[in-house]
Amino acid sequence: ILANVAQALSFLIIAKGWFNFYAIFITWYLVPMKKKDIVVIDILYLLVSKINTIIMTTFIALILGSIYIFFVAQPVYTSKSKIVSSSSKGQMSQASGIAAQFGIALPSTDSDDKLVYPDIIKSKILAESLLEKKFDTKRFGNQKSLLQILTYGNDAPQYGLDTLKILATDLLLGMIQVSKDFKTSVLTIYVDAPEAKLAYSINNALIYELDKYQNKKNKIKTNKTRL
């Protein structure tokens, strides 16, 4: 509520200042050329007479903005990592196998490899596996599950586990963004969080999960080859 009030007051103060500026500009533009000398004097007199209001308005806007930034707005930290995906047929097959484990069905065409890993990273199954992991935070303490961090914190949960998982999954997927350079096949993963260490830890955990499923798939493939 305080954030909305501060934003509304800042908007009204700034809007009032711009309205006064446009009023002066329109007055100057509409006045005939012969009378503009007189208008200039009137405008200067108006500015001088309102100097206290202008200074006070600017000062209040700065104060409200500072209060919002330092005391109301929540900081957001971003952790960035890069991984490389291959478009070869063999590794495409591996990626498709991994995607199947996350409930993602992909066509067996090479062009679809560009979409495999982003879909895996943004899958709900991967998100749910991350929710079970524990992280350290300044706000909620150490070794708290990501499900707890994103939903009820240190308070008593107000919803059932299934509902909490749905809410936390949507929040987590909103914190994760993926972009791909189609020329180099380099994927860039961005993870946003209210704490820098938490963003870094979630990013590491995400890559660990990807690597774990990749190794699992490779192991299964190696066993089949030996047989």
Side-chain angles (χ1 to χ4, degrees), residues 1-10 62-85 98-104 116-180 186-219:
I1 297 175
L2 180 59
N4 294 333
V5 172
Q7 286 181 319
L9 290 175
S10 299
L62 289 174
I63 292 296
L64 290 176
S66 299
I67 291 174
Y68 176 75
I69 291 173
F70 291 106
F71 299 103
V72 179
Q74 293 291 332
V76 177
Y77 299 90
T78 302
S79 173
K80 182 173 72 173
S81 60
K82 293 180 181 290
I83 61 175
V84 180
S85 63
I98 298 171
Q101 297 181 50
F102 288 97
I104 302 170
V116 174
Y117 284 104
D119 287 341
I120 294 173
I121 293 169
K122 296 285 288 184
S123 68
K124 290 187 177 181
I125 296 179
L126 179 60
E128 288 176 358
S129 67
L130 292 175
L131 293 178
E132 298 175 359
K133 294 186 176 297
K134 295 185 177 182
F135 300 90
D136 296 340
T137 66
K138 294 179 180 178
R139 181 177 180 183
F140 302 114
N142 298 331
Q143 293 301 292
K144 304 293 183 181
S145 69
L146 189 56
L147 175 67
Q148 178 179 349
I149 293 171
L150 295 180
T151 52
Y152 58 92
N154 288 330
D155 300 328
Q158 299 180 355
Y159 304 98
L161 181 60
D162 291 339
T163 302
L164 291 175
K165 283 185 176 181
I166 294 173
L167 295 174
T169 298
D170 290 340
L171 288 173
L172 179 57
L173 292 179
M175 295 164 56
I176 300 172
Q177 302 298 327
V178 185
S179 65
K180 177 161 184 172
V186 174
L187 287 173
T188 304
I189 304 172
Y190 303 91
V191 179
D192 297 331
E195 296 181 16
K197 184 179 179 180
L198 180 61
Y200 170 80
S201 299
I202 295 174
N203 204 333
N204 274 351
L206 191 155
I207 294 175
Y208 174 80
E209 288 296 313
L210 286 176
D211 188 58
K212 183 175 71 174
Y213 281 98
Q214 177 72 62
N215 291 335
K216 181 180 178 181
K217 186 66 180 178
N218 290 342
K219 185 177 180 180

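When a residue number appears, it is its place in the shown sequence, counting from 1.
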Side chains of Tyr200 and Asn204: any donor to acceptor distance under 3.5 Å? yes
Is the shortest heavy-atom distance from the side chain of Ser129 to the side chain of Leu126 under 4.5 Å? yes
Side chain Ser123, main chain Ile120, donor-acceptor under 3.5 Å: yes
Enter the distance from Ile207:CD1 to Ser79:OG here, rounded to the nearest 0.5 Å. 7.5 Å
Using 0.5 Å steps for rounding, measure from the CG atom of Leu171 to the CD1 atom of Ile176. 11.5 Å
Which heavy atom of Leu146 sits nearest a heavy atom of Phe135, and at what distance? CB-CE1, 3.7 Å
Residues Asp136 and Lys197: closest non-hydrogen pair is OD2-NZ, 4.0 Å
Give, for atom CD1 of Ile166 and atom OH of Tyr159, the distance between the pair rounded to the nearest 0.5 Å. 12.0 Å
Rounded to the nearest 0.5 Å, what separation is found between the NZ atom of Lys80 and the CG atom of Asn203? 11.0 Å
Residue Tyr152 excluded, over 12 heavy atoms near OH under 6.0 Å: yes
Rounded to the nearest 0.5 Å, what's the gap from CE on Met175 to OG1 on Thr78? Could you check? 10.0 Å
Gln143 atom CD, neighbour heavy-atom count above 12 within 6.0 Å: yes
Closest non-hydrogen atom pair, Tyr190 against Ser179: CE1-OG, 3.6 Å
Could you tell me whether Lys122 atom NZ has more than 12 heavy atoms of other residues or ligands within 6.0 Å of it? yes
Leu173 to Ala127 - nearest heavy-atom pair and separation: CD2-CB, 3.9 Å
Apply side-chain contact (heavy atoms from CB on, under 4.5 Å) to Thr151 and Thr163, showing your working. CA-CA 10 Å; Thr151 52; Thr163 302; over 6 Å; no
Check Thr169 against Lys124 and note the closest heavy-atom contact, atom names and distance. CG2-CG, 4.0 Å
Show your reasoning for whether side-chain contact (heavy atoms from CB on, under 4.5 Å) applies to Glu195 and Arg139. CA-CA 9 Å; Glu195 296 181 16; Arg139 181 177 180 183; 3.6 Å; yes
Any side-chain heavy atom of Gln148 sitting closer than 4.5 Å to one from Asn154? yes
Separation between CG (Asn142) and OG1 (Thr137), nearest 0.5 Å, reads 7.0 Å
Validation row: Leu150, Leu131 side chains within 4.5 angstrom (heavy atoms): yes
